[in-house]
Amino acid sequence: MVSPPHEAMHRIFQHDPGLFSRVSRFLGVDIPAPVKATALPTDLTEANPVERRVDTLLRLETADQGSYLLAVEAQGKKHPDKPASWAYYTAYLWTKYRLPTALLVVCQDHATATWAQQPVSCGPPQLPTLTVQPLVAGPHNMPVITDPEEARADLVLASLAAITHAAEPDVDAILKALSTALRDAPEDVAKPLVEFTAQGLAKRPAKNLWRNLVAVDLSFYKSYLAEEVRDEVRAAVRDEVRDEVRDEVRDEVRDEVRDEVRDEVRDEVRDEVRDEVRGEVRDEARAESRAEDILLILEQRGLGISEDVRSRITHCTDPELLRHWLARAVTVPKAEEVFEDA
């Protein structure tokens, strides 16, 4: 999948074809500014199953040196197959258009830039035949533009400087200079550069700084970058609201469930209590009946029953104890002796 930095590193040359001539002085060559530029198809596929596409292809026309082709490749890391692809691109384009062909590789790290600018020959050492050595633009040779006035003088170059230095310590200063310079730029000029810069920074820490600078310095700017901020804020707020609503719903559901459970438990407890009360009432009735039997026996035997004896017998609820007293009531000589050995 093509990454945003990959797109930014080559599409910026489509946006401003004259950028190559301005970049060339940092690459040690002198390329005249074009008087005309034409974007050409990037599909280099022949009538075979191998598909080959260059990232950006431009036809540049100069006043003094005629026309030439510029192929721009964005390279994010070392890849052993790339030199062969670059050789194919240049040979194919030279053959198809019969025009001098230049190859520019844009990188964002020193290791890849060093690797890309090494000459690679397709033949044996003593017969190099075809040698590919592209021009390379990267953090090793692109200018560090930290002065807003310098950035204002060439906004596109300043954007490319930010992209190629995306992983470098100087990128923050470059971004601040660029955002300041873009304040006075027309909206149609600033918008694409804001996009290219944001794409080139990708997910690096500098992306957050650029997003904040854009929000403060370029309040007119509305794009996916602003939508990205909006989406992040929306996601954060959504999480907060979700937690709040979850708590509210949890309380509501807890109350509903509590009422349901209370009704269920009430029915269950009612049945349990009914059985318990029925047993207690049954025991009380049995105790009252046994107490009446004890008093009846004592009365039938003609024994005097004091209020203390009567009260103790009628207030007893222990079935076993009443049964014991009932057995003694048949034989004791005095009513008070019913309680002995109890």
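Only a predicted model underlies this, so the values are computations on that prediction, with no experimental measurement involved.
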Do you know which two heavy atoms are closest between [X] and [Y], and how far apart they sit?
X: M142; Y: H165; value: O-CE1, 3.0 Å
X: P32; Y: T62; value: CG-CG2, 3.6 Å
X: L135; Y: V29; value: CD1-CG2, 4.1 Å
X: G200; Y: A8; value: N-CB, 3.6 Å
X: A37; Y: L60; value: CB-CD2, 3.5 Å
X: P143; Y: A161; value: O-CB, 3.2 Å

* To do: Please check if any side-chain donor atom of T101 sits under 3.5 Å from a side-chain acceptor atom of T90, or the reverse.
  => no
* Asked: Between the side chains of Q14 and T56, is a donor N or O closer than 3.5 angstrom to an acceptor N or O?
  ->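 Indeed, the side chains of Q14 and T56 share at least one donor-acceptor pair under 3.5 Å.
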Taking the side chain as every heavy atom from C-beta outward, state whether [X] and [Y] have any atom pair closer than 4.5 Å.
X: C316; Y: L322; answer: yes
X: I313; Y: L298; answer: yes
X: K176; Y: L213; answer: yes
X: P134; Y: Q117; answer: no
X: L130; Y: S121; answer: no
X: P139; Y: Q108; answer: no
X: Q75; Y: V106; answer: no
X: V338; Y: V309; answer: no

[Y] backbone acceptor or donor facing [X] side chain under 3.5 Å:
X: Y97; Y: Y68; answer: no
X: S24; Y: S21; answer: yes
X: R328; Y: E340; answer: yes
X: D55; Y: H10; answer: no
X: Q118; Y: T114; answer: yes
X: R290; Y: P319; answer: yes
X: N141; Y: V136; answer: yes
X: S311; Y: D308; answer: no
X: S289; Y: A285; answer: no

[X] with [Y], same ILVMFWY side-chain cluster at under 4.5 Å:
X: V144; Y: L193; result: no
X: W94; Y: L99; result: no
X: L103; Y: V120; result: no
X: I31; Y: L58; result: yes
X: I163; Y: V189; result: yes

* Asked: Between F20 and L70, is a side-chain contact (heavy atoms from CB on, under 4.5 Å) present by the stated rule, with each step listed?
  -> CA-CA 9 Å; F20 177 57; L70 173 64; 3.5 Å; yes
* To do: Evaluate the side-chain contact (heavy atoms from CB on, under 4.5 Å) criterion for residues L160 and F13: first the C-alpha distance (whole Å), next the side-chain angles of each, then the deciding distance (0.1 Å), finally the verdict.
  => CA-CA 9 Å; L160 180 64; F13 289 89; 3.9 Å; yes
Should the pair [X]-[Y] be classified as a salt bridge under the 4.0 Å nitrogen-to-oxygen rule?
X: K77; Y: D109; value: no
X: K334; Y: E337; value: no
X: E299; Y: R310; value: yes

* Yes or no on salt bridge (charged side-chain N to carboxylate O under 4.0 Å, His left out) for R323 and D318, after CA distance, side-chain angles and deciding distance? -> CA-CA 9 Å; R323 184 172 179 279; D318 186 347; over 6 Å; no
* Aromatic F339 / basic R312 pairing, under 6.0 angstrom, 45° off normal ->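 Relative to the ring axis of F339, which defines the angle, R312 lies inside both limits.
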For the [atom1] atom of [X] and the [atom2] atom of [Y], what is their distance to the nearest 0.5 Å?
X: E7; Y: Q199; atom1: CD; atom2: CD; answer: 7.0 Å
X: I294; Y: I305; atom1: CD1; atom2: CD1; answer: 10.5 Å
X: T112; Y: H79; atom1: OG1; atom2: NE2; answer: 12.0 Å
X: E252; Y: D247; atom1: CD; atom2: CG; answer: 11.0 Å
X: L40; Y: L93; atom1: CG; atom2: CG; answer: 8.5 Å
X: D16; Y: F196; atom1: CG; atom2: CZ; answer: 9.5 Å

* Structure fact -> salt bridge (charged side-chain N to carboxylate O under 4.0 Å, His left out) pairs touching residues 67-76, sequence neighbours excluded, are E73-K82
* Given R25 and D30, is the salt bridge (charged side-chain N to carboxylate O under 4.0 Å, His left out) satisfied, shown in steps? -> CA-CA 6 Å; R25 61 191 177 94; D30 185 15; over 6 Å; no
* To do: Taking atom CZ of R250 as the centre, report whether more than 12 heavy atoms of other residues, nucleotides or ligands fall under 6.0 Å from it.
  => yes
* **Flag if over 12 foreign heavy atoms under 6.0 Å of CZ, R301** => yes
* Could you check W210 against L178 for side-chain contact (heavy atoms from CB on, under 4.5 Å), going step by step and ending with a plain yes or no? => CA-CA 10 Å; W210 181 241; L178 178 58; 3.7 Å; yes
* Classify the ring geometry between Y88 and Y92 as parallel (under 30°), tilted (30 to 60°) or perpendicular (over 60°). => parallel
* Test side-chain contact (heavy atoms from CB on, under 4.5 Å) on V171 and L201 and set out the steps. => CA-CA 10 Å; V171 68; L201 297 173; 4.1 Å; yes
